[in-house]
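Proteins get letters first, then strands, A, B, ... in listed order; numbering begins at 1 in each.
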Amino acid sequence: MDKDFVKEITPKTQDFSQWYVDVILKAELADYSPVRGCMVIKPYGYSIWEKMQQLLDARFKATGHKNAYFPIFIPESLLQKEAEHVEGFAPEVAWVTHGGKEELAERLAVRPTSETIICHMYSKWIKSWRDLPVLLNQWCNVVRWEKSTKPFLRTAEFLWQEGHTAHSSFEEAEEETLRMLEVYRDFVETDLSIPVIKGVKSENEKFAGALKTYTIETLMGDGRALQAGTSHNLGQHFAKAYDITYLDKDGKLKYVWQTSWGVTTRLIGAIIMVHGDDRGLKLPPKIAPIQAVIVPIMGKESETVLNKAQEIYSILKNEILIELDDRNEYTPGWKFNEWEMKGVPVRIEIGPRDIKNQQVVLVRRDTGEKTVVSESELLPRLKSLLADIQINMFNQAKEFLNENIREVKNFDEFKQIINEKRGFIKAHWCKNGECEQKIKEETGATLRCIPFSNETTYGKCIVCNKETDTVVYFAKSY
RNA sequence: CGGGGCAUAGCGCAGUUUGGUAGCGCACAUGGUUUGGGACCAUGGGGUCGGGGGUUCGAGUCCCUCUGCCCCGACCA
């Protein structure tokens with residue numbers, strides 16, 4: 001029961017990167033396109049994104065945000081107003097220089113992110129303290145001319161949501177930044193079953209133009225970290241560059257305080273790399289476009305079996321996301337493999353034997369465990385099974401994360417673990433950028449985040465030996 | 001952008017050393033038998049051998065060049 005059922009997928013342990021690409025192609029999540037660095041998200045992959053959109057959008061609405069849409073093109077002059085921001089994004093901006101045959105008077109950037117154009121509009125819209133806060137979100141595509149790409153994790157064009165808010169005080173902006181980080185944590189942990197580490201980015205790693213960047217960091221199956229979502233407190237950097245001012249209650253003209261936050265289709269890559277196994281994708285029920293699939297085992301009594309399968313399908317379809325695989329050209333075994341590859345959380349088998357006993361067989365994708373359930377109890381059992389899978393997948397991933405967080409006391413130990421085991425390394429750090437840089441240069445690991453924590457432990461910076469109370473996470477990352 | 005590898009049917013490959021009729025497995029189509037972990041038989045369709053240029057009577061094969069993809073670094077969600 002454990003291996004060799006799916007020959008088309010390279011085993012994870014043999015070549016993790018190849019395994020990842022195999023799963024994407026075999027599960028029909030995406031395909032390569034004729035455009036360098038750009039992929040096609042196929043219907044099955046896109047339906048996962050649609051579920052993410054639903055689940056996140058509901059949370060954004062619940063926290064008072066409204067959706068809007070801003071242009072994909074940004075005039076060069078507008079992009080250049082915030083110095084740090086331009087410098088950060090300049091190397092990966094795509095430019096439109098012509099409209100038809102006419103050369104444009106001013107080049108247009110294809111948005112790498114929308115702070116600049118949104119800030120331009122905010123400066124027109126915001127006049128009074130009564131206009132604040134502004135709480136907007138945009139679902140769109142962005143383009144970053146990346147040098148090396150990988151499906152979902154890093155593509156030249158990708159889909160995301162970007163929240164952009166404006167507030168009347170630092171405290172309020174900070175509160176919003178942390179609120180949305182918590183929304184992301186809740187979404188990723190509850191709905192995607194992926195445990196995260198919440199924290200703040202170092203000065204070197206923060207978003208270009210931000211005051212502070214908060215992050216949720218996750219760990220992939222090969223021991224590399226992945227930034228799963230970020231929330232930025234932009235301070236007044238953009239407000240000053242784009243002249244976003246309002247007249248406050250006290251009659252004084254003041255700059256607004258801003259935030260921005262985003263998650264992307266990269267999260268689909270995270271689901272694959274955190275949960276997937278040698279048989280393919282494994283989807284947490286809450287994000288699965290198909291939560292259960294009915295595979296009828298037809299044989300000689302095909303009509304009876306199919307009728308029963310259809311009857312069960314029509315009852316369940318109002319309750320969960322379910323599909324009936326009544327294709328006659330494939331054998332049950334073939335279908336089992338196919339749906340496992342696609343990560344469907346539960347398979348329902350119905351065959352002649354089951355009909356005789358008024359039962360069905362439930363098989364869970366996360367553990368492979370089979371249970372026989374009487375037909376009358378099917379719905380409640382199925383619902384509790386889905387809930388159980390959701391939690392079990394989180395627990396499995398959490399266990400893996402915990403096993404792969406290692407605390408080190410010195411740089412030698414650090415290097416050894418990065419080379420042999422990867423994962424997150426917890427270490428004391430003196431908050432000096434040079435020590436951080438040295439670690440990056442000598443090991444390839446970066447400072448992923450400074451975790452939120454109420455405990456303070458004193459120790460020595462693993463690079464310079466200076467006494468410090470700060471413990472941070474390092475890892476090799478995607 | 002540096003280092004390495006690969007490119008022949010939808011996919012995986014052989015053929016390249018030694019130039020001489022484009023092959024195999026899977027997938028696909030049709031018909032039949034099957035169906036509780038990738039069934040079988042029969043018949044059939046599908047190729048500018050990644051693109052361009054060159055050498056040659058003749059190039060998948062030799063030479064030059066461009067492009068794409070994968071892996072490892074640097075840069076990034």
- Taking B:C75, B:C72, B:U34 as options, the one with an atom nearest any side-chain atom of A:Ser17 is B:C72
- Item | C1' atoms of B:C41 and B:G51, separation to the nearest Å | 42 Å
- Task: Tell me what A:Gly269 touches on the nucleic acid: a base, only sugar-phosphate, or nothing, going by heavy atoms under 4.0 Å.
- Result: nothing
- Query: A:Thr155 near the nucleic acid: base, sugar-phosphate alone, or nothing, with a heavy-atom cut-off under 4.0 Å?
  - Reply: base
- Message: Does A:Lys431, at its NZ atom, have more than 12 non-hydrogen atoms belonging to other residues, nucleotides or ligands within less than 6.0 Å?
- Response: no
- Check every atom of B:A39, B:G37, B:C76 against the side chain of A:Glu340 and return the nucleotide holding the closest atom. B:G37
- A:Lys476 side chain, from C-beta outward: closest of B:U35, B:G36, B:G73: B:G73
- Task: Could you work out which one of B:C70, B:C76, B:A39 sits closest to the side chain of A:Pro151?
- Result: B:C70
- Message: Can you tell me which nucleotide in B:G37, B:C70, B:U35 comes closest to the side chain of A:Gln18?
- Response: B:C70
- So what does A:Glu92 hit on the nucleic acid, given a heavy-atom distance under 4.0 Å: a base, only sugar-phosphate, or nothing? sugar-phosphate
- Query: Can you check the A:Asn337 CG to B:U35 P distance for me, whole Å?
  - Reply: 18 Å
- Message: Between B:U21 and B:U16, how many Å separate the two P atoms, rounded to a whole number?
- Response: 13 Å
Could you list the protein-to-nucleotides 26-32 of chain B atom pairs, N/O on both sides, closer than 3.5 Å?
from, atom 1, to, atom 2, distance (Å)
B:C28, OP1, A:Tyr330, OH, 3.0

- Item | Touch class at under 4.0 angstrom, heavy-atom based, for A:Glu349 against every strand present | base
- Strand partner of B:U21, provided both Watson-Crick or wobble distances fall under 3.5 Å: none
- Between B:C1, B:C70, B:G37, which nucleotide gets closest to the side-chain atoms of A:Tyr32? B:C70
- Message: Side chain of A:Lys150, heavy atoms from C-beta onward: which of B:C76, B:G68, B:C71 has the nearest atom to it?
- Response: B:C71
- Quick one: label A:Leu25 by what it contacts on the DNA or RNA (base, sugar-phosphate, nothing), any heavy atom closer than 4.0 Å. nothing
- Message: With a 3.5 Å limit on both atom pairs, tell me what B:C76 is paired to, counting Watson-Crick and G-U wobble, or say none.
- Response: none
- With a 4.0 Å cut-off, would you call A:Arg406 and A:Glu413 a salt bridge? no
- Message: Under 4.0 Å, counting only non-hydrogen atoms across every strand here, what does A:Val295 touch: a base, just sugar-phosphate, or nothing?
- Response: nothing
- Which value, in whole Å, describes the distance between the P atoms of nucleotides B:G47 and B:A14? 22 Å
- Message: If we ignore hydrogens and angles and just use 3.5 Å, is the side chain of A:His65 paired with the main-chain N or O of A:Leu136 as donor and acceptor?
- Response: no
- Note on the structure: Side-chain contact check for A:Ser148: nearest option of B:G37, B:G68, B:G73 is B:G73
- Query: Taking the same atom, C1', in B:C28 and in B:A9, what whole-Å distance lies between them?
  - Reply: 11 Å
- Message: Would you measure the distance from the P atom in B:G73 across to the matching atom in B:G36 and give it in whole Å?
- Response: 45 Å
- Item | Rounded distance in Å - NZ (A:Lys300) to P (B:U35) | 5 Å
- Note on the structure: Comparing nearest nucleotides in RNA chain B, the 5'-proximal residue of the pair A:Trp160, A:Asn328 is A:Asn328
- Report yes if at least one side-chain N or O of A:Lys440 is closer than 4.0 Å to OP1 or OP2 of B:C75; otherwise report no. yes
- Note on the structure: A:Glu146 atom CD is separated from B:A74 atom C1', nearest whole Å, by 13 Å
- Message: Closest approach to the side chain of A:Arg353, judged atom by atom: which nucleotide of B:G37, B:G36, B:A39 is it?
- Response: B:G36
- Query: Can you tell me how far C1' in B:G53 sits from the matching atom in B:U48, rounded to whole Å?
  - Reply: 16 Å
- Message: Over all strands shown, is A:Pro296 touching base, sugar-phosphate only, or nothing at heavy-atom distances under 4.0 angstrom?
- Response: nothing
- Message: Please determine whether a side-chain nitrogen of the Lys or Arg among A:Glu182 and A:Arg179 lies less than 4.0 Å from a carboxylate oxygen of the Asp or Glu.
- Response: no
- For A:Thr230, answer base if it contacts any base atom (sugar-phosphate contacts may also be present), sugar-phosphate if it contacts only those atoms, and nothing otherwise; contact means non-hydrogen atoms under 4.0 Å. nothing
- For B:U61, give its Watson-Crick or G-U wobble partner with both distances under 3.5 Å, or none. none
- Note on the structure: Between CG of A:Asp31 and C1' of B:C69 the distance, given in whole Å, is 12 Å
- Query: In whole angstrom, what separates A:Glu369's CD from B:G37's C1'?
  - Reply: 17 Å
- May I have the distance from A:Phe16 (atom CZ) to B:C72 (atom P), rounded to whole angstrom? 11 Å
- Message: At less than 4.0 Å, is any side-chain N or O atom of A:Thr331 found next to OP1 or OP2 of B:U35? Yes or no.
- Response: no
- NZ/NE/NH1/NH2 to OD/OE distance under 4.0 Å, A:Arg365 and A:Glu340: no
- Query: CG of A:Asn419 versus P of B:C72: gap in Å, rounded?
  - Reply: 15 Å
- So, are A:Lys342 and A:Glu323 salt-bridged, with charged N and O less than 4.0 Å apart? no
- Message: When the P atoms of B:G23 and B:G60 are compared, how many Å lie between them, rounded to an integer?
- Response: 13 Å
- Message: Just to verify, what does A:Thr13 make a side-chain hydrogen bond (donor to acceptor under 3.5 Å, both in side chains) with, not counting sequence neighbours?
- Response: none
- Query: Which residue lies toward the 5' end of RNA chain B, A:Glu205 or A:Glu441, if each is placed at its nearest nucleotide?
  - Reply: A:Glu441
- Task: Over all heavy atoms of both residues, which pair between A:Ala445 and A:Ile418 is shortest? Give the atoms and the distance, please.
- Result: CB-CD1, 3.8 Å
- Can you check whether any acceptor in the base of B:G36 is under 3.5 Å from a donor in the side chain of A:Arg347, or vice versa? no
- Query: Are any of the side-chain nitrogens in A:Lys147 or A:Glu92 under 4.0 Å away from the carboxylate oxygens of its partner?
  - Reply: no
- Query: Is B:G68 paired to anything, Watson-Crick or G-U wobble with both distances less than 3.5 Å, and if yes, which nucleotide?
  - Reply: B:C6
- Item | Lys/Arg N to Asp/Glu carboxylate O, A:Asp277 vs A:Lys282, below 4.0 Å | yes
- Message: Closer than 4.0 angstrom, basic N to acidic O: yes or no for A:Glu349 and A:Lys335?
- Response: no
- Would you mind telling me which of B:C69, B:G36, B:C76 lies closest to the side-chain atoms of A:Pro332? B:G36
- Item | Euclidean distance for C1', B:G37 against B:G31 (whole angstrom) | 27 Å
- Is B:U30 paired to anything, Watson-Crick or G-U wobble with both distances less than 3.5 Å, and if yes, which nucleotide? B:A42
- Task: Find the distance A:Arg154:CZ to B:C72:P and express it as a whole number of Å.
- Result: 13 Å
- Which residue pairs satisfy the ring-ring contact (aromatic ring centres under 6.0 Å, His included) criterion with at least one member in residues 350-371 of chain A, sequence neighbours excluded? none
